[in-house]
Number of protein chains: 2
Amino acid sequence: MTARPDPLTVEVVDLIGTVVARYHEEYERAAAEHSLTGAQARLLRLLAMEPMPMRKLAQCLKCEPSNVTGIVDRLESRGLVERRPDPADRRVKLAVPTDEGRATADRLRTSLDFARQPLGRLTVAERTLLKQLLQRMLGVEPEVPKAPGTGREAGERRRSEG
Amino acid sequence: MTARPDPLTVEVVDLIGTVVARYHEEYERAAAEHSLTGAQARLLRLLAMEPMPMRKLAQCLKCEPSNVTGIVDRLESRGLVERRPDPADRRVKLAVPTDEGRATADRLRTSLDFARQPLGRLTVAERTLLKQLLQRMLGVEPEVPKAPGTGREAGERRRSEG
DNA sequence: TATTGTTATACTCTATAACTATA
DNA sequence: TATAGTTATAGAGTATAACAATA
């Protein structure tokens, strides 16, 4: 019967699944509003933060470099991205957003009000709490571990599944 | 400029983005382990919970009915799913998992240890808290609102640091 | 030789529109 | 007429393999 985790964990996982689904719908919707696919939107947002070589784009997007060629092609044909030679290494092409590309990326971010909409239901205290829980869940170190023992070290482990 | 939300909200949104990315990687990886695509895995898991007509599958998957035809075709050609006529309405075809399909769906669920892995880092109390926060964020009513004030008022704040 | 980016190929997913067989 | 499912079509993303230019 492939034992399931305890009911609480299942509930939380289901909730996370719902969050994931909504996040994606929202992302695709926002991208489509600008006539972009999800992949194009993700690539454009990456470049808006920092221009980079094709190879690095592939790493960031976790896909094969050959795919990046096509996605950048489509963005370039719409005047949102440019390919520039890297003076230091003539094999490398740097993908750089045009001014219009940057503007689109900016509007895209604004459209992504998944940020504010659902989170708006939470108080500041709750958001802080959620942040801490997600950080712990993801194994991310809190940014300011001032005190040596940040609170919950090994003391209160409590796992509940088989 | 397009004013950004406050830094705390941005941080939480970024964390949620990370959760979403990991969830997807994990899902695709688990599906690939069984030589399934993500879409095929999602459809098969739906059917394992409850056989349903093609039309309803499309609604659940939030895609066009014509897509479902192809996905079911591929699963059927591998012997994981069957199409059965609906006695009540001869236009309708019910998609039903075969025994092997059910077994695959079950193994798939087990592979999805995204469930236990990251959540294992949280104590039971933390998981409960996370559940409540996500429910509030998603606007989902807690399932047993016995008492008029369901609890998450101001009384039981419990943060573990900060 | 190794690396960067591209091309060629094949498969899947996706939406749209037109078709069929039922209702 | 309306509905369920399919087919046909086209575009996009994906991985693999082979290739050119450069290192």
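Chain A is the first sequence line, chain B the second, and so forth, proteins listed ahead of strands; every chain is numbered from 1.
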Results of side-chain contact (heavy atoms from CB on, under 4.5 Å) for A:Ala105 - residues two or more places apart only:
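So A:Ala105 forms a side-chain contact (heavy atoms from CB on, under 4.5 Å) with A:Leu44, A:Ala48.
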Counterpart residues, side-chain contact (heavy atoms from CB on, under 4.5 Å), relative to B:Glu76 (two or more places apart)
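With neighbours one apart ignored, the set is B:Arg83.
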Heavy-atom side-chain contact between [X] and [Y] under 4.5 Å:
{"X": "B:Arg78", "Y": "B:Leu75", "value": "no"}
{"X": "A:Cys60", "Y": "A:Met52", "value": "yes"}
{"X": "B:Met137", "Y": "B:Ile16", "value": "yes"}
{"X": "B:Val19", "Y": "A:Val19", "value": "no"}

Are the side chain of B:Arg84 and the backbone of B:Leu94 linked by a donor-acceptor contact shorter than 3.5 Å?
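Checking the backbone N and O of B:Leu94 against the side chain of B:Arg84, no donor-acceptor pair under 3.5 Å is found.
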Nearest-angstrom distance from the residue atom [atom1] of [X] to [atom2] of [N]:
{"X": "B:Glu82", "N": "D:dG5", "atom1": "CD", "atom2": "C1'", "result": "18 Å"}
{"X": "B:Arg55", "N": "D:dA2", "atom1": "CZ", "atom2": "P", "result": "14 Å"}
{"X": "A:Lys93", "N": "D:dA23", "atom1": "NZ", "atom2": "C1'", "result": "16 Å"}
{"X": "B:Gln40", "N": "C:dT14", "atom1": "CD", "atom2": "P", "result": "10 Å"}
{"X": "A:Met54", "N": "C:dT3", "atom1": "CE", "atom2": "C1'", "result": "15 Å"}
{"X": "A:Glu28", "N": "D:dA12", "atom1": "CD", "atom2": "C1'", "result": "11 Å"}
{"X": "A:Leu94", "N": "D:dT22", "atom1": "CG", "atom2": "C1'", "result": "16 Å"}
{"X": "A:Asp86", "N": "D:dA23", "atom1": "CG", "atom2": "P", "result": "10 Å"}

Pairs under 3.5 Å (N/O, protein and nucleotides 16-19 of chain D):
residue: D:dT16; atom: O4; partner: A:Ser66; partner atom: OG; Å: 2.7

Side chain of [X], heavy atoms from C-beta onward: which of [options] has the nearest atom to it?
{"X": "B:Thr37", "options": "C:dT6, C:dT12, D:dG5", "result": "C:dT12"}
{"X": "A:Val92", "options": "D:dT7, D:dG5, C:dT4", "result": "C:dT4"}
{"X": "B:Ile71", "options": "C:dT14, D:dT6, C:dG5", "result": "C:dT14"}

Residues in contact with DNA chain C, drawn from residues 56-63 of chain B - heavy-atom cutoff 4.0 Å
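Here the set is B:Cys63.
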Hey, does the side chain of B:Thr69 come within less than 4.0 Å of D:dT6's phosphate (OP1/OP2), counting only N and O?
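Yes, such a contact exists.
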Can you measure from CG (A:Asp14) to CD (A:Glu11) and round to the nearest 0.5 angstrom?
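So the gap between those two atoms works out to 8.0 Å.
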Indicate yes or no: does A:Glu25 engage A:Arg29 in a salt bridge with an N to O separation below 4.0 Å.
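Result for this pair is no, no salt bridge flagged.
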Salt-bridge test for B:Glu50 and B:Lys56: reply yes if a basic N is under 4.0 Å from a carboxylate O, no otherwise.
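Salt bridge between B:Glu50 and B:Lys56, a charged N being under 4.0 Å from a carboxylate O: yes.
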N/O-N/O pairs, protein side and nucleotides 20-23 of chain C side, under 3.5 Å:
residue: C:dA23; atom: OP1; partner: B:Arg90; partner atom: N; Å: 2.9

Listing, residues 96-104 of chain B side-chain donor-acceptor contacts under 3.5 Å, not counting sequence neighbours, or none:
residue: B:Thr98; atom: OG1; partner: B:Gly79; partner atom: O; Å: 2.7
residue: B:Thr98; atom: OG1; partner: B:Leu80; partner atom: O; Å: 3.3
residue: B:Thr98; atom: OG1; partner: B:Glu100; partner atom: N; Å: 3.4
residue: B:Thr98; atom: OG1; partner: B:Gly101; partner atom: N; Å: 2.9
residue: B:Thr104; atom: OG1; partner: B:Glu100; partner atom: O; Å: 2.9

Using a heavy-atom cut-off of under 4.0 Å over every strand shown, decide if A:Arg42 touches base, sugar-phosphate, or nothing.
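No contact.
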Decide yes or no on side chain to side chain contact (heavy atoms under 4.5 Å, CB included) for B:Glu126 and B:Arg121, but give the supporting numbers first.
CA-CA 9 Å; B:Glu126 286 171 328; B:Arg121 296 204 187 90; over 6 Å; no
